[in-house]
Amino acid sequence: MRALVTGGAGFIGSHLCERLLEIGYDVVCVDNFLTGSPGNIAHLVENRRFELIGCDLIRGVEVEGPVDAVLHFASPASPADYLRHPLATLRVGAEGTRHALELAAAKGARLVLASTSESYGDPQVHPQPESYWGNVNPVGPRSCYDESKRYAEALTAAYRRSRGTDAGIVRIFNTFGPRMRPGDGRVVPTLIRQALEGSPMTVTGDGSQSRSLCYIDDLVDGVLRMLKASIGGPVNLGNPHEVTMLELAQWIRRLTGSRSEIVLVPLPTDDPQRRRPDIALAAAELGWQPRTPVEDGLLRTIAWFVERVEDAGLPTMV
Ligand code: NAD
């Protein structure tokens, strides 16, 4: 079996490549390193069953030989990244997704599209089931990501409906773990970095906004179950354990032993107030639920960051 992972040098993509190799797949990783890093896959490049194609999926990708699975994960994903690259984000969701779907159709492969809880925008239904259509500002600063993913979902559904392409959509909620970039602007790496540096830990708004945090190993397990299934979805993948941003900051401060102060900073435009997946469908259709307690995931992620900070010669604790 041979799998192609777009965005394979990113945070989630690199974990997917690793797990696919472990379970016996040959893996082709496609990435242009816009937000990913060669370091994420450095431990895989010596593996003869791993191949890297450095290219921009917006222009398409040529792959010789059979492909049984396409995991389409290429896209900037952190708000800081997609606000910096709005056009590249829209284009990889549109043209990149079309190229991934064409490849899957040509090779007779199953495709899994990485969509997002951002498809629900600032939700007015809580928790969010897949049947909820969302509340997205189509012209706000975040729309380059939200609408790119909503278009990618529509395109995937249309290929499945009109061309019979075997494609399924997962809507991923906030996922965290090792290999997130310390400066990528997402809440978990930001708070861990600040706690380890002893700098102020920034919480947006009044800190009452909630997110549900899923550890990377659980997410990868859910994605692989979707790959083995034949349903189209969309299926939510996330951890229903909901935590406010203030609680998260306090939690990380306790786990790192940091004495950083927690400071409130303005809320970004269109920042969703609450997020929690309804995962009944994933449980029923994929037999999936997250197994890693959030605290265990945080401890593993902190340990990974501590190693990196020590490698960089920075002070680790305050
Ligand atoms: P990431 O930024 O770490 O990884 C994305 C990867 O895609 C990077 O390696 C980047 O270089 C690559 N890429 C971007 N544009 C490309 C292009 N045009 N051609 C080739 N490669 C390109 O982000 P991530 O957190 O690993 O997210 C991966 C996927 O999962 C994204 O599609 C994202 O929307 C989705 N997702 C992630 C989360 C999360 O919490 N991490 C939540 C919801 C959805």
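Index from 1, following the sequence. Order of appearance sets the numbers: ligands from 1, and atoms from 1 within every ligand.
No side-chain donor from either of S260 and Q194 sits under 3.5 Å from a side-chain acceptor of the other.
Sorted by first and then second residue, the ring-ring contact (aromatic ring centres under 6.0 Å, His included) pairs with a member in residues 31-64 form an empty list; sequence neighbours excluded. Among residues at least two apart or in separate chains, ring-ring contact (aromatic ring centres under 6.0 Å, His included) pairs with a member in residues 200-233 are F176-Y215. For the ring-ring contact (aromatic ring centres under 6.0 Å, His included) condition, no pair includes a residue of residues 51-75, sequence neighbours left out.
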Could you go through ligand 1 and list every pair where one of its N or O atoms sits under 3.5 Å from a protein N or O, giving the atom names and the distance to one decimal?
unit_1: ligand 1; atom_1: 2 (O); unit_2: T35; atom_2: OG1; d: 2.6
unit_1: ligand 1; atom_1: 3 (O); unit_2: F11; atom_2: N; d: 2.8
unit_1: ligand 1; atom_1: 7 (O); unit_2: S75; atom_2: N; d: 3.4
unit_1: ligand 1; atom_1: 9 (O); unit_2: G10; atom_2: N; d: 3.0
unit_1: ligand 1; atom_1: 9 (O); unit_2: D31; atom_2: OD1; d: 3.2
unit_1: ligand 1; atom_1: 9 (O); unit_2: D31; atom_2: OD2; d: 2.6
unit_1: ligand 1; atom_1: 9 (O); unit_2: G36; atom_2: N; d: 3.3
unit_1: ligand 1; atom_1: 11 (O); unit_2: D31; atom_2: OD1; d: 2.6
unit_1: ligand 1; atom_1: 11 (O); unit_2: F33; atom_2: N; d: 3.4
unit_1: ligand 1; atom_1: 11 (O); unit_2: L34; atom_2: N; d: 2.9
unit_1: ligand 1; atom_1: 11 (O); unit_2: T35; atom_2: N; d: 3.1
unit_1: ligand 1; atom_1: 11 (O); unit_2: G36; atom_2: N; d: 3.0
unit_1: ligand 1; atom_1: 13 (N); unit_2: N32; atom_2: OD1; d: 3.4
unit_1: ligand 1; atom_1: 18 (N); unit_2: D56; atom_2: OD1; d: 2.8
unit_1: ligand 1; atom_1: 19 (N); unit_2: L57; atom_2: N; d: 2.9
unit_1: ligand 1; atom_1: 21 (N); unit_2: N32; atom_2: N; d: 3.2
unit_1: ligand 1; atom_1: 21 (N); unit_2: N32; atom_2: OD1; d: 3.2
unit_1: ligand 1; atom_1: 25 (O); unit_2: R186; atom_2: NH1; d: 2.8
unit_1: ligand 1; atom_1: 25 (O); unit_2: R186; atom_2: NH2; d: 3.0
unit_1: ligand 1; atom_1: 26 (O); unit_2: F11; atom_2: N; d: 3.3
unit_1: ligand 1; atom_1: 26 (O); unit_2: I12; atom_2: N; d: 2.8
unit_1: ligand 1; atom_1: 32 (O); unit_2: F73; atom_2: O; d: 3.0
unit_1: ligand 1; atom_1: 32 (O); unit_2: K149; atom_2: NZ; d: 2.7
unit_1: ligand 1; atom_1: 34 (O); unit_2: Y145; atom_2: OH; d: 2.5
unit_1: ligand 1; atom_1: 34 (O); unit_2: K149; atom_2: NZ; d: 3.0
unit_1: ligand 1; atom_1: 40 (O); unit_2: T175; atom_2: N; d: 2.8
unit_1: ligand 1; atom_1: 41 (N); unit_2: R186; atom_2: NH1; d: 2.9

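Each of L103 and L52 belongs to its own hydrophobic cluster when Ile, Leu, Val, Met, Phe, Trp and Tyr are linked at side-chain heavy-atom distances under 4.5 angstrom. A continuous path of ILVMFWY side-chain contacts below 4.5 Å connects F11 to V112, so both sit in one hydrophobic cluster.
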